[in-house]
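Since the model is a prediction, treat every value here as computed from it, not as a measurement. Convention: sequence-line order gives letters A, B, ...; per-chain numbering from 1.
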Protein chains: 2
Amino acid sequence: MSKIKVSSTNYANKQLLNEECNEVYAANIIGGQWSLAICCALINGKMRFGELRKILPTITERMLTLQLRRLEDNGILKRTVYAEVPPRVEYELTGIGQQLEPIIRALETWGQAHKNLHL
Amino acid sequence: MSKIKVSSTNYANKQLLNEECNEVYAANIIGGQWSLAICCALINGKMRFGELRKILPTITERMLTLQLRRLEDNGILKRTVYAEVPPRVEYELTGIGQQLEPIIRALETWGQAHKNLHL
DNA sequence: TACGGTACTATAAAAAAGGTAAGTAATGAG
DNA sequence: CTCATTACTTACCTTTTTTATAGTACCGTA
């Protein structure tokens, strides 16, 4: 995750799919390696950066920051900075972010069913 | 998409998430650039390779093949080869593949809502 | 014999995503 | 003054995903 190259075929293809298929558009928004896990963690309420890091023990700080920024840019979560030292930053789902919950639950159920099939 | 390096941290992280979160596991299965679009196309019934290619005009044959193989390996779709010349191959969703439909619809609705917010 | 249609495969390269390691700022505690 | 704490940032590197381009087998038709 970093800068995208707007001149690439890949970029053009993504744009095209995003325009034509809202489900692909949605999948792209929640589609980073850690995005869904982060959303899932925030379903139960706000959390600090460090708490998220504990819940996702193997994520690097860089990745956590990047994914949080992307989710924030996409309006999925809200970031609140408290002017304290040491700093305190809280993350919480926005309205549209909370509307992901039924989708997450459905994916969870489907994933479980799929796993059972492939035992 | 090709061989994965089982010794990479990335691979380990994915495995871990897949084990712990069924929703992430599910997202990984339907999470290629074209996978959802392919599933979507197949919701209305079986299709041939060439038909899929027409629906996704900018996909390369290689990508279409790779994604179809992956979906097949994951039991999302079934591939039927007819011993004819020129060859004919049909793809259709399996049972678990069809169970994706409500999820796709939900993603579609959510995607639309999200787009409206960001106009 | 050359050609067309279908569903691929092989190889290489580009682009995107993810990981490693180190550093930063501000402040209060010791 | 030094250290610990928190939430990052930066530069660089590896892995994974996607794209580009060319080529294959088969057989019936012209």
Side-chain angles (χ1 to χ4, degrees), chain A residues 1-17 24 27-38 46-54 56-72 77 79-91, chain B residues 1-17 24 27-38 46-54 56-72 77 79-91:
Chain A
M1 278 194 58
S2 51
K3 302 135 201 166
I4 41 156
K5 198 165 182 179
V6 296
S7 62
S8 70
T9 308
N10 185 278
Y11 180 76
N13 282 339
K14 273 193 181 131
Q15 291 304 110
L16 198 77
L17 281 169
V24 175
N28 279 337
I29 288 179
I30 59 174
Q33 165 112 55
W34 304 93
S35 298
L36 260 188
I38 291 171
K46 54 180 64 168
M47 275 205 179
R48 298 181 57 177
F49 185 89
E51 293 177 299
L52 286 168
R53 209 177 43 188
K54 264 172 222 146
L56 306 165
T58 60
I59 200 174
T60 61
E61 300 196 332
R62 172 183 142 83
M63 264 300 127
L64 183 51
T65 303
L66 282 175
Q67 303 272 349
L68 286 170
R69 281 303 134 77
R70 190 156 74 96
L71 290 170
E72 191 192 359
L77 52 80
R79 181 168 172 264
T80 311
V81 183
Y82 296 89
E84 301 172 359
V85 169
R88 179 160 63 101
V89 181
E90 283 182 346
Y91 294 92
Chain B
M1 284 192 53
S2 51
K3 302 135 201 165
I4 40 158
K5 195 164 184 178
V6 297
S7 62
S8 72
T9 308
N10 184 277
Y11 179 76
N13 282 340
K14 272 191 181 133
Q15 292 304 111
L16 197 75
L17 280 169
V24 175
N28 279 339
I29 287 179
I30 58 174
Q33 165 112 60
W34 304 93
S35 298
L36 259 188
I38 292 171
K46 54 179 65 166
M47 274 205 181
R48 298 182 56 177
F49 186 87
E51 294 177 299
L52 286 168
R53 207 176 45 187
K54 266 173 220 145
L56 306 166
T58 60
I59 199 173
T60 61
E61 298 196 332
R62 175 177 145 81
M63 257 302 122
L64 183 51
T65 303
L66 282 176
Q67 303 273 348
L68 287 169
R69 281 303 133 76
R70 190 156 73 97
L71 290 170
E72 190 192 358
L77 51 80
R79 180 166 174 266
T80 311
V81 183
Y82 296 89
E84 302 173 359
V85 171
R88 180 159 63 101
V89 182
E90 284 182 344
Y91 294 92

Quick one: side-chain hydrogen bond (donor to acceptor under 3.5 Å, both in side chains) partners of [X], sequence neighbours excluded?
{"X": "A:N10", "value": "A:K14, B:Q33"}
{"X": "B:R79", "value": "B:Y91"}
{"X": "B:E84", "value": "B:R88"}
{"X": "B:S35", "value": "B:Q67"}

* Select from B:Y11 and A:V6 the residue whose nearest nucleotide in DNA chain C is closer to the 5' end of that strand. =>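 Looking at DNA chain C, the more 5' nearest nucleotide goes with A:V6.
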
* **Any residue meeting salt bridge (Lys or Arg N to Asp or Glu O under 4.0 Å) with B:K5, in chain and number order, not counting sequence neighbours** =>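 Here no residue qualifies.
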
* To do: When you get a sec, tell me which of D:dT19, C:dA16, D:dA7 is the closest nucleotide to the side chain of B:M63?
  =>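 Minimum distance to the B:M63 side chain belongs to D:dT19.
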
* Assign A:R53 to base, sugar-phosphate, or nothing according to its heavy-atom contacts below 4.0 angstrom with the strands shown. =>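 The residue A:R53 makes no contact with any strand.
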
* **DNA chain D contacts among residues 80-88 of chain B, heavy-atom distance under 4.0 Å** =>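 Within this stretch, B:V85 sit under 4.0 Å of the strand.
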
* Asked: Can you check whether A:K14 has a side-chain N or O nearer than 4.0 Å to OP1 or OP2 of C:dA17?
  ->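 Answer is yes, contact under 4.0 Å.
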
* Output yes when at least one side-chain N/O atom of B:Q67 is less than 4.0 Å from OP1 or OP2 of D:dT17, else no. =>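 For B:Q67, the contact criterion (side-chain N or O under 4.0 Å from OP1 or OP2 of D:dT17) is not met.
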
* Asked: Residues in side chain to side chain contact (heavy atoms under 4.5 Å, CB included) with A:T9, at least two apart?
  ->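 Result, side chain to side chain contact (heavy atoms under 4.5 Å, CB included) vs A:T9: A:N13.
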
* Asked: Listed by chain and number, what are the side chain to side chain contact (heavy atoms under 4.5 Å, CB included) partners of B:L36, not counting sequence neighbours?
  ->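 Side chain to side chain contact (heavy atoms under 4.5 Å, CB included) list for B:L36, sorted by chain: A:E23, A:V24, A:A27, B:I30, B:I104, B:L107.
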
Sub-3.5 Å pairs of nitrogen or oxygen atoms, protein against nucleotides 20-22 of chain D:
from	atom 1	to	atom 2	distance (Å)
D:dA20	OP1	A:T9	OG1	2.5

